[in-house]
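Remember, predicted model here, so these are calculated numbers, not experimental data. Heavy atoms only: backbone and side chains are in, while hydrogens, waters and symmetry mates are out. Here is how names work: the chains are called A, B, and so on, in the same order as the sequence lines, proteins then strands, and each is numbered from 1.
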Amino acid sequence: GQNIDQPTEMTATEGAIVQINCTYQTSGFNGLFWYQQHAGEAPTFLSYNVLDGLEEKGRFSSFLSRSKGYSYLLLKELQMKDSASYLCAVREWSYIPTFGRGTSLIVHP
Amino acid sequence: EAQVTQNPRYLITVTGKKLTVTCSQNMNHEYMSWYRQDPGLGLRQIYYSMNVEVTDKGDVPEGYKVSRKEKRNFPLILESPSPNQTSLYFCASGSAGANVLTFGAGSRLTVL
């Protein structure tokens with residue numbers, strides 16, 4: 001089975017940088033995903049990491065350390081529209097990812 | 001447009017009245033899955049399917065049934081809905097070996 005842990009809620013200021021952490025414990029590992037979900041809407045894919053290191057995509061970056069069972073999502077130059085839930089999901093050896101409970105990010109002016 | 005379509009988007013029903021939530025994808029994806037999302041509990045997987053006629057239980061399958069007779073469709077059936085099945089339901093699909101799940105817009109179900 002899997003155990004995925006991420007903070008329930010975070011707040012940040014428009015224009016700032018925020019880091020959302022995700023720790024996991026799995027018996028196998030075949031990738032870690034981050035999804036963004038605005039209230040009442042469907043989750044949308046943000047990033048995928050399977051090797052250690054940082055993946056950068058515009059204002060968003062995702063980092064993975066497999067030995068530590070740790071990932072973070074870094075959001076730069078925060079905008080009000082970044083207020084959403086951020087879901088960490090981990091895939092073991094099958095195709096099926098398991099989702100954490102999500103981190104609700106509130107961006108204020 | 002590549003998409004996952006769920007219907008109905010909103011439904012209020014009563015205990016015991018059988019209902020089906022449909023899910024259809026137009027991307028020829030092998031993998032399809034149903035999730036429910038409840039406050040504080042995140043996305044929990046109900047059932048999934050790796051291909052036609054292949055379905056498996058997820059983490060919370062009790063009270064639900066699914067079928068996968070065609071590649072594009074993966075309906076979720078609640079034979080006798082109960083109030084604890086009031087939730088927001090998402091269908092998702094993905095291509096085997098790919099890394100991205102595409103989600104439907106969600107179906108908000110209320111069971112009175």
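Criterion: ILVMFWY side-chain heavy atoms under 4.5 Å apart, direct or through other members. Under it, B:Tyr47 and B:Met32 are part of a common hydrophobic cluster. Put simply, B:Val21 and B:Val4 are part of two different groups of oily side chains (I, L, V, M, F, W, Y) that touch within less than 4.5 Å, one to the next. By the rule that hydrophobic residues join a cluster once side-chain heavy atoms approach within less than 4.5 Å of another member, B:Phe103 and B:Ile46 end up as members of separate clusters. Under a hydrophobic clustering in which Ile, Leu, Val, Met, Phe, Trp and Tyr are joined whenever their side-chain heavy atoms come within less than 4.5 Å, directly or via other members, B:Tyr48 and A:Tyr35 fall into the same cluster. Taking hydrophobic clusters as Ile, Leu, Val, Met, Phe, Trp and Tyr residues chained together by side-chain heavy-atom distances below 4.5 Å, B:Leu88 does not share a cluster with B:Leu19.
Side-chain contact between A:Phe33 and B:Val100: absent, with no pair of heavy atoms (C-beta onward) separated by less than 4.5 Å. Taking 4.5 Å as the limit, every side-chain heavy atom of A:Arg101 sits out of range of all side-chain heavy atoms of B:Leu43. In this structure, the side chains of B:Gln37 and A:Phe99 stay at 4.5 Å or more apart for every pair of heavy atoms.
For B:Leu112, the CG atom is densely surrounded, since the number of other residues' heavy atoms within 6.0 Å is greater than 12. More than 12 non-hydrogen atoms from other residues, nucleotides or ligands lie less than 6.0 angstrom from CZ of B:Arg44.
Listed in order of number, the residues of residues 61-82 of chain A that approach chain B to under 4.5 Å between heavy atoms amount to none. The interface of residues 40-60 of chain A with chain B, defined by heavy-atom distances below 4.5 Å, comprises A:Gly40, A:Glu41, A:Ala42, A:Pro43, A:Phe45, A:Tyr48.
No donor-acceptor pair under 3.5 Å is formed between the side chain of B:Tyr31 and the backbone N or O of A:Ile96.
With chain A as the partner, the residue from B:Thr102, B:Leu101, B:Leu41 showing the most heavy-atom pairs under 4.5 Å is B:Leu101.
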